[in-house]
Each structure stands twice: as structure tokens, then as C-alpha cells.
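Structure first, commentary second.
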Amino acid sequence: MLIGLCGGTCAGKHAVAEYLIKRQNFRLLELKPSRLHQAVDDPRLHGSEFTDKSVDQASRLEFETAESLLDFATKSWQEHWVTTHTWDASTLDRFLLRPFVLLVSVDAPISLRWKRFVERCRRKQLEPPQLEDFILWNDEQLYAKDTGRAFFTDRAQVRLFNSSSSLDELHAALEALDLADEQRLRPKWDQYFMELASLAAQRSNCMKRRVGCVLVREHRVISTGYNGTPRHLRNCNEGGCPRCNRGDRGGVGLSTCLCLHAEENALLEAGRERIREGAILYCDTCPCLTCTVKIAQVGISEVVYSQGYNMDSDSAAILKAAGIRLRQFSPPRNGLIYLE
């Protein structure tokens, strides 16, 4: 695994790297200083931001080019590496093609980053900048064409918001997060199929909520479904279902709803003969009672859901009576994460 850390000045990427090195046995891969690009040439922006200077010496490997760094990491992909150096867009694309690379951005409020930077300057016996100057540096660093960090943040699989007030607080949050979880690189089957269900949900036209479903047997997709009005009827979001468009609260007027649920669509698409025993149903939400009885009828063996619904206990009782396993799956957190 190679974790690439990017972020603005004093956002905390070096603190995250130091945690990975000291607590999770990562090693540091860096480019030689002459190969680095600085959007703003100011001595206060140069130099290592590691609090433990031994990190630079004992755990560091330097490379002439980003390509040589990537070649090394590719040959040693089963070990744990981290880098705080980011490059241009085309180089980043080459890195992200590798299945062992995880790009993580680290950010913090600019006012907090400025305070951290002032403290860093004072430790180095340098004159701290004014807040206005720091903001101008920040804008150049984030938005400079081809080299701005905003592009990297947009591509990051994990985005950390680091408002931690101490290293101990930061380390506790990182320990709970477990950045080195291999599922972030290659999802296990539960995560894979649940993400397919969430992708199916994006096709939903129901005005009440988006739900997606995937039917699986022996790790192969049988069918997918999402909620919305039946074929040849106007889509719900075009006025096809009066009940949903009235905005009735949950549980009200269900007998007049024209929308098929995601589970129903997946079951209808598959048909009982294709489902058979051993099939697993993955869905964004726990099935409602209506879908639950149909799931029991067609011979589904297991139901996996990610979010609760207002009939969870009733549905669970029916599934248990039918001998169908029900469980909730929570994938590793990605996207924007507050380190608290």
C-alpha cells in the first residue's frame, strides 16, 4: 500500500504521515528537494514539517523522479509506504492507476493553519507572515494551474478535516479511522455489492427517496433494481405518482403509491427461477414489510442493508420466521471525514 498525502500548508499531512510511520510501520518515500515544485519561493515554506526529526533519517527513501518512486512502490506494493509529495495532474493519474495507491487529502480551517504556521516560524526563529500574506500563499498553492492542490483534493478517495488541537487527539482519531484498511483499496464483496446498490439508486426517479438493490448468487449479480413508477407510466419525478408528489409522510397513503420499490424491481427482473436458494439481496435500506414478504416467497437466503427504515423490527421478525438472515453492513468511511 502507498498512501499519498496532500493538503495545504500546516493542514497536518506531515503529522498524519508521522503517525503512520511511528504507529503503523509505514516508511517514507520522498523526492529529492531539487525535484520539488514550490508555487511560492519563500524560505518559510521550505523544510520538513515533521516534529520528530528521526523520521527523516531512519524511515526515508529519496528518489530522483516521481516515476522512479512509483516504480519502486510498484515492486514493493505489499509493504506499507507513505509520501507527502504531490505532482502534476498527469503524474497523479499514473499513480492512481495502481491498485495499491490511496490518495488522502488533509485540510483544516485557514485561520487554524495560519496559527500553526506562525508557531512553526517562531520555532525556526523566522518572522511569521501576516494573515493576508498567508492567504495569498494558500490561494497560489491551491489554485495554481496544473500544480494546484485543489485538483488533488478533488481526486482523493479520503478527505480528512483536521481541526485537532493536539497530536494525541489527532492520533486517537487516526487510530479509530484505520487508514491502512485494505478495503479502501479493493473492497470486499459486501462493500462491492452495496456500492453497486447505491449506484443503482442514482437511477431512481421516486420523489420520496432514492433506493437501489442488487441480487447476487455466488458472487455474481443476478439483477439490479431501483424504485420508481412502472414501465410506460410517467416517472415519479415528472408527476407520475400523485402520492409521492404530495409529499405524504412515511407510512401514509402507501396503498395509493404507484412506485415500485427497488427490491421489487430487482425481484421482478430476476424471476424466481434465477434467484433460488443461496441468493443474497443487497439494498440501501432495510426492506419494508411489503418487500419483506416477497423476499421470503422467492427463496432469498440473506438480506444485507446499509441504512435503517421505520419498519426494521417488523421486517426483521418476518425474515427471522422465514429463516432468512438479516444484517447491516457499514463500509469503511471514505469521503470527507472530521478527525474528532
Side-chain angles (χ1 to χ4, degrees), residues 99 181-206 208-233 235-236 240-241 244 250-251 254-332 334:
D181 188 341
E182 295 290 339
Q183 290 189 74
R184 300 185 191 281
L185 297 174
R186 187 172 189 257
K188 293 185 178 179
W189 289 116
D190 275 352
Q191 184 178 350
Y192 174 67
F193 291 125
M194 196 62 77
E195 288 183 2
L196 289 181
S198 296
L199 180 61
Q202 295 183 30
R203 283 287 303 166
S204 170
N205 62 68
C206 182
K208 294 294 290 183
R209 72 164 68 194
R210 287 178 165 178
V211 182
C213 178
V214 174
L215 275 175
V216 175
R217 189 179 64 250
E218 297 176 352
H219 296 156
R220 297 294 182 267
V221 174
I222 304 172
S223 66
T224 65
Y226 53 86
N227 57 328
T229 47
R231 294 175 60 194
H232 306 307
L233 272 65
N235 288 335
C236 182
C241 177
C244 288
L254 291 178
S255 62
T256 65
C257 184
L258 301 182
C259 286
L260 288 165
H261 289 192
E263 302 96 315
E264 292 175 308
N265 273 322
L267 294 172
L268 288 168
E269 177 68 24
R272 182 170 181 174
E273 290 304 313
R274 293 178 61 203
I275 295 173
R276 303 199 304 272
E277 296 295 332
I280 302 175
L281 183 145
Y282 288 87
C283 194
D284 286 339
T285 61
C286 185
C288 70
L289 282 174
T290 302
C291 290
T292 298
V293 296
K294 295 173 183 176
I295 289 168
Q297 178 67 11
V298 298
I300 298 288
S301 297
E302 185 175 13
V303 173
V304 184
Y305 69 98
S306 59
Q307 302 172 37
Y309 192 56
N310 56 9
M311 301 177 188
D312 286 10
S313 57
D314 295 332
S315 296
I318 292 174
L319 292 173
K320 182 178 181 180
I324 299 171
R325 184 185 180 193
L326 174 69
R327 61 186 173 89
Q328 186 172 13
F329 170 72
S330 299
N334 284 342

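What you see is a predicted model; the values in this text were computed from it and never measured. What you see below is based on every heavy atom in this structure, not just the backbone, and it leaves out hydrogens, waters and symmetry mates.
- Contact record, Ile300 with Ala279: CG2-O, 3.6 Å, taken as the closest heavy-atom pair.
- Here the shortest heavy-atom pairing between Cys236 and Cys241 reads SG-CB, 3.8 Å.
- In terms of heavy atoms, Cys288 sits closest to Ser315 at C-OG, 3.5 Å.
- Sorted by first and then second residue, the salt bridge (Lys or Arg N to Asp or Glu O under 4.0 Å) pairs involving residues 281-296 (not counting sequence neighbours) are Glu264-Lys294.
- The closest side-chain heavy-atom distance from Tyr282 to Val216 is below 4.5 Å.
- Rounding to the nearest 0.5 Å places CG of Leu260 at 5.0 Å from CG of Asn265.
- With sequence neighbours excluded, the residues satisfying side-chain contact (heavy atoms from CB on, under 4.5 Å) with Ser204 are Cys206, Arg210, Tyr226, Asn227.
- Within the structure, the salt bridge (Lys or Arg N to Asp or Glu O under 4.0 Å) test picks out no pair touching residues 215-230 (sequence neighbours left out).
- Lys208 NZ to Cys244 SG: the interatomic distance, rounded to the nearest 0.5 Å, is 6.5 Å.
- Glu195 pairs by the side-chain contact (heavy atoms from CB on, under 4.5 Å) definition with Gln191, not counting sequence neighbours.
- Put simply, the side chain of Arg186 never gets that close to the backbone of Pro99: no donor and acceptor are under 3.5 Å apart.
- Within the structure, every pair that satisfies the salt bridge (Lys or Arg N to Asp or Glu O under 4.0 Å) test and touches residues 297-317, not counting sequence neighbours, is listed here: Glu302-Arg325, Glu302-Arg327.
- Taking the ring-ring contact (aromatic ring centres under 6.0 Å, His included) definition, one finds that His219 meets it with Trp189, sequence neighbours left out.
- In plain terms, the two heavy atoms of Val304 and Ile280 that are nearest each other are CG2-CG2, 3.9 Å.
- Taking both residues in full, the closest heavy atoms of Ala270 and Leu215 are given as CB-CD1, 3.9 Å, listed atom of the first, atom of the second, then distance.
- Residues satisfying the side-chain hydrogen bond (donor to acceptor under 3.5 Å, both in side chains) test with Asn235, not counting sequence neighbours, are Asn205.
- The OG atom of Ser306 sits 7.5 Å away from atom CD of Gln328, with the distance rounded to the nearest 0.5 Å.
- When the side-chain contact (heavy atoms from CB on, under 4.5 Å) test is applied to Ile318, the partners found at least two apart in sequence or on another chain are Leu289, Thr292, Val293.
- With rounding to the nearest 0.5 Å, the separation of CE in Met194 from CG in Leu196 is 10.5 Å.
- Atom-to-atom distance recorded for Ile324:CD1 and Leu281:CG is 9.5 Å, nearest 0.5 angstrom.
- No side-chain heavy atom of Leu199 sits less than 4.5 Å from a side-chain heavy atom of Thr224.
- In terms of heavy-atom proximity, Glu269 sits nearest to Ser223 at CG-CB, 3.7 Å.
- The side-chain contact (heavy atoms from CB on, under 4.5 Å) check on Ala317 picks up nothing, with sequence neighbours excluded.
- Annotation: side chain of Cys283 is in contact with side chain of Val211 (closest heavy-atom distance under 4.5 Å).
- Side-chain contact between Leu267 and Gln297 is absent, with no heavy atoms from C-beta onward closer than 4.5 Å.
- The neighbour count for Arg203 CZ, taken as heavy atoms of other residues, nucleotides or ligands under 6.0 Å away, does not exceed 12.
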